[in-house]
Amino acid sequence: MNRDNDKGKVLLKRSLIMACGMAFLLLCIIFRLYYLQVYQADKFKMLADENRISTRLLIPQRGIIYDRNGVVLATNEQNFQALIVAEQTADVQQTLDSFKKIMPLEDFEEERIKRDLKRNKSFVPIKVKDNLTWEEVSKIQLNASELPGIFIDEGLNRYYPYGEKMAQVLGYVAAVSDTDVKDDPLLEVPGFQIGKSGIEKYLEKRLRGKGGILKMEVNAYGRVMKEIEETEGVPGENITLTLDARLQEKAFDAFGEESGAAILLDVHSGEILSFVSTPAFDPNAFTRGLSHQEWNALQTNEKKPLINKAIQGQYSPGSVFKPLVALAGLEFGAIKPDTRYFCAGKMLLGDHPFHCWKRAGHGYLGVVEALMHSCDIYFYETAQRVGVDKIAEMARRFGLGQKVNIGLEHEKAGLIPDKDWKLRRFGEPWQVGESLISGIGQGYILVTPLQLATMTARLVNGGYEVVPTFFPIDDRTLLKIKKINVSDVFLDIVKQGMFDVVNHIHGTAWASRFDYKGMKMAGKTGSVQVRRITLKERQSGIIKQKDLPWKYRDHAIFIGYAPADNPKYAVAVVVEHGGGGSSVAAPIASKILYESLVLDPVDYRKH
Amino acid sequence: MYKPYETSFRGQRMSIKEKLMNISFWYVFFICLLAAIGVTMLYSAANGSWSPWAINQLMRFGVGLGVMIVFALIDIRLFMRYAYVFYFFTLILLFIVEVGGHVGMGAQRWINFGFFKLQPSELMKIALVLALARYFHASSLQSIESVKGMVPPLLLALVPAGLVIIQPDLGTGLMLIMTTTAIFFCVGVQIWKFALLGVGAVVMAPIAWHFLHDYQKNRVLTFLNPERDPLGAGYHIIQSKIALGSGGVFGKGFLKGTQSHLNFLPEKHTDFIYTMLSEEFGMIGAVSIILINFCIIAYGYSFAFKSSSYFGKILAIGLTTNYFLYVFINTAMVLGLIPVVGIPLPLISYGGTVMLSIMTSFGILLSVHINRNISVGKESSF
């Protein structure tokens, strides 16, 4: 009984200890609660909000691009797309099968849909097909009962009404790629498109706008329960370009099947009225997404539709360089306005023969006639006397050999060689023969069509240093344009030569002349060999251009302006492998200048 | 003035009225209070709906209340007499589950009676306490302090615990072992034996680790470092802590717990219901639950202290310890103090079996209290 008593005492003692232990453990729980709910409460409140609040960026409307007359060049079009929500249909496959009966789906499209369905929760809408026409939309809506889970959604798609005609200026927008700089959270939004080339890329930031923010409460599976708040975004800025859509269209069409570039400038402001590079691509297709085949076709096309020839194409200027050589000769005193040289069809430098394009020779001629006939001998002589460095200096004053920085990608600087350059580049001294070749715009010299247009404008606007631009020039900027250091008298002589090229019966572009209400055009032709003419060929008679394979034919070039007596528009046309400047390039330039006179889009402004 | 305490021990037999008068009002009140909070939380867990949980839970509690009263009215000597019978009956059921369960699903822990799923491991928590109480009631302190005297009670505990653990239900198995340990401690097993066992456990741990199922290993590892697998096993505990912590002092309000209602919190109607309560009612609500449970446990102890029979004392301590383990393990688990082991919060978490077994043990506890002055012989007899 004594032991039983002990047993009871032990039990009491031990159970009291245990009760204390339990109380202590419960106290631990309370301390833990205090730690989590008071001490760390802010941290966990933040984490809970991170869990529950999902922000979605709302894509702002991209800025619209207009031409100088307010014609829409790039806009946003409603895009209807069919979406499928898996949880809204009992059988996804059956829905897709019914959909295919209405509208066929490519195998790869179906694969993509199934992949997306697998990757996403069943309430996430998956794109079935986009860019639906009205007809297709109504078809789907008519058959809605057979298409459970299919919805029509509308979004905005970039649309370029002028398609390929504006492609090389405007560029296009497309999905963000890994290489794009992600400087804006908008770029992370699925389906967001940014400018990939052209003006769309150049002015991306202005056109883009600012995304709105939609805060939503979501559950653990990402399903949206309700909207919490919405911050409005800012739509992109609308942009007005100096282009004239009508002239752009006419200029583009003037090329027909030819490959090349044309730039039409307002000679006084440098505003670009049309900017053509052909053939081009359909920017709408790029924005929609190209198939592999389409992409390959563009890549392998020998006319290189993806290259912007107006700024990326570098060509020997050929004879269109001659006005500059004449000007250099006059300005630096190598020739005088009445200097005459005799053209016998060829001249010898040492014992090396230099040929004129006219084998029979032009006889005696002065600078104006030399320009009119595009006599090579006259410019060999001039170049020999004035020297390559002076020619280069004059060329640079007129915008050659340097980038305009027009804002489009991959603009090339061209090349104006001089003695220093030759030494730097090849480690060899300049040869006099190379000066002769430079005198007729061949050899090392490279120019882009945009530079040619710039040069032409500067030659005919009274010698003002205009810079081509896509953006309207206001009057104040206009007044600030500097005068180039060159005599007006000599400029007039060059203009006279260019006038005769077109308007003299013996001029090389006589066939392309026009007279619109007394207004005429002037200009200069050029043909540039893309391969060396062998001695054998010279002896056996030169093969006619049209008998050569396309890629061996000469480049045809023409620079021109109108009206001849009071220049307002300047144009540069390059037709790749077009053959002759007079036969191919001049008619295109003529058409463009004629249309510009007819439409006359530039308000009359004068310095 | 009528004093039930004085009348109750007059005879060794009490009338039903006497017994009813002796039921501790406050004890039952705290139980009902917790159950009411539980039903409220289940209403919230279903986003403010009585179905599917709250209404069921309410009905089960009603049944449980009946069961509790019935058990409270049973003479404590009957518990003593049938303690072993009940224990072995439950052990057989455990065997059946162990054999039949493997044939069925991966870890079936119940016997399906169609209208009711019996979970023998839950029953065993009561049966084991009864059997141990009876054993120690009869044994002397020498026997308790001897090695030989400890063999039968150890077997009584380890056989069912082992069966439960291989089911596998680690949580319940450990609870059986811990309840047994607590009883051993209270009856006076020498401290050095526990120390020895502790050392043994540390030595055996790597071997036991080897036998753990992968998911159990994961739970332990995830407990040690929840960020180890934030989307998998660690997800529960991370989200639970976020829910708790974001509740703050005053909570987000009834039906306004974002973590719970947006489904970030898993198992919010069962094992993690305490988290949801703490999110919606804050620290005030969370501490209140602890305090109510503290009262229930304190009452359990007072029943033990007041009981004149050793059997009654051990029974009350064992069942109260069992209840405490539920409360502590569940709250500590959702608070990230111990690994996630799948122990519900009694009276609040949704679940019929636990509700019934807990209400049964409350009934037995009340019976201990009602029969506090009844002397229980060494052998089972009236």
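Treat the numbers as computed from the prediction; the structure is a model and nothing was measured. Chain letters run A, B, ... following the sequence lines, proteins first and then strands; every chain starts at 1.
- Residue B:Val189 touches chain A through its backbone alone, counting heavy-atom pairs closer than 4.5 Å.
- A donor-acceptor contact shorter than 3.5 Å is absent between the side chain of A:Lys13 and the backbone of B:Cys186.
- Annotation for A:Glu232: atom CD does not count as buried by contact number, only 12 or fewer foreign heavy atoms lying within 6.0 Å.
- B:Ile297 touches chain A through its side chain: at least one heavy atom from C-beta onward sits under 4.5 Å away, while N, CA, C and O do not.
- Dense packing is recorded around CG of B:Asn47, with more than 12 heavy atoms of other residues, nucleotides or ligands lying under 6.0 Å away.
- A:Arg14 contributes a side-chain N or O that, together with a main-chain N or O of B:Phe185, makes up a donor-acceptor pair within less than 3.5 Å.
- Heavy atoms from other residues, nucleotides or ligands lying under 6.0 Å from CZ of B:Phe194 number more than 12.
- Chain B forms more heavy-atom pairs under 4.5 Å with one residue of A:Ile29, A:Asn51, A:Leu16 than with any other, namely A:Asn51.
- When every heavy atom of A:Met22 is checked against every heavy atom of B:Thr321, the shortest pair comes out as CE-OG1, 3.4 Å.
- Distance CG/A:Leu36 to OG1/B:Thr275: 10.0 Å, rounded to 0.5 Å.
- Only the side chain of B:Tyr274 comes within contact range of chain A, judged by heavy atoms closer than 4.5 Å.
- Judged by the 6.0 Å distance and 45° axis criteria, B:Lys241 is not positioned over the aromatic ring of A:Phe44.
- With chain B as partner, the option from A:Ala48, A:Ala23, A:Gly21 having the largest number of non-hydrogen pairs under 4.5 angstrom is A:Ala48.
- When the shell of 6.0 Å around CD of A:Gln94 is examined, it contains 12 or fewer heavy atoms from other residues, nucleotides or ligands.
- For the residue pair A:Ile30 and B:Met283, the shortest heavy atom distance occurs at O-CE, 4.0 Å.
- Considering every non-hydrogen atom in both A:Val10 and B:Gly188, the closest pair reads CG1-CA, 3.4 Å.
- With a 4.5 angstrom heavy-atom cutoff, B:Ile191 touches chain A via backbone and side-chain atoms both.
- In this structure, the portion of B:Phe324 lying under 4.5 Å from any heavy atom of chain A is its side chain and not its backbone.
- More than 12 heavy-atom neighbours from other residues, nucleotides or ligands sit within 6.0 angstrom of NZ on A:Lys45.
- Across B:Tyr301 and A:Ser15, no two heavy atoms sit closer than the pair CE2-O, 3.4 Å.
- Counting only distance, with no hydrogens or angles, the side chain of A:Gln37 and the backbone of B:Ser246 share no donor-acceptor pair below 3.5 Å.
- Residue A:Met225 touches chain B through its side chain alone, counting heavy-atom pairs closer than 4.5 Å.
- Heavy-atom distances place the side chain of B:Ile144, and not its backbone, under 4.5 Å from chain A.
- When all heavy atoms are compared, the tightest approach of B:Leu262 to A:Val218 is CD1-O, 3.4 Å.
- Neither the backbone nor the side chain of A:Tyr35 has a heavy atom closer than 4.5 Å to any heavy atom of chain B.
- A:Leu33 contributes atom CG, which lies 6.5 Å from atom CG of B:Leu244 (distance to the nearest 0.5 angstrom).
- For the atom pair A:Asp6 CG and B:Ser140 OG, the distance stands at 11.0 Å (nearest 0.5 Å).
- The environment of NZ in A:Lys205 is sparse: at most 12 heavy-atom neighbours from other residues, nucleotides or ligands sit within 6.0 Å.
- The distance from atom CZ of B:Phe305 to atom CG of A:Leu12, rounded to the nearest 0.5 Å, is 5.5 Å.
- Counting heavy-atom pairs closer than 4.5 Å to chain A, the top residue among B:Lys313, B:Gln259, B:Glu279 is B:Gln259.
- For CZ of B:Phe294, the number of neighbouring non-hydrogen atoms (other residues, nucleotides, ligands) closer than 6.0 Å is 12 at most.
- Here A:Asp49 contributes atom CG and B:Ile242 contributes atom CD1; the two are 10.5 Å apart, rounded to the nearest 0.5 Å.
- At least one donor-acceptor pair closer than 3.5 Å links the side chain of A:Lys7 to the backbone N or O of B:Phe136.
- For the atom pair CD1 (B:Ile290) and CG (A:Leu26), the distance works out to 6.0 Å, reported to the nearest 0.5 Å.
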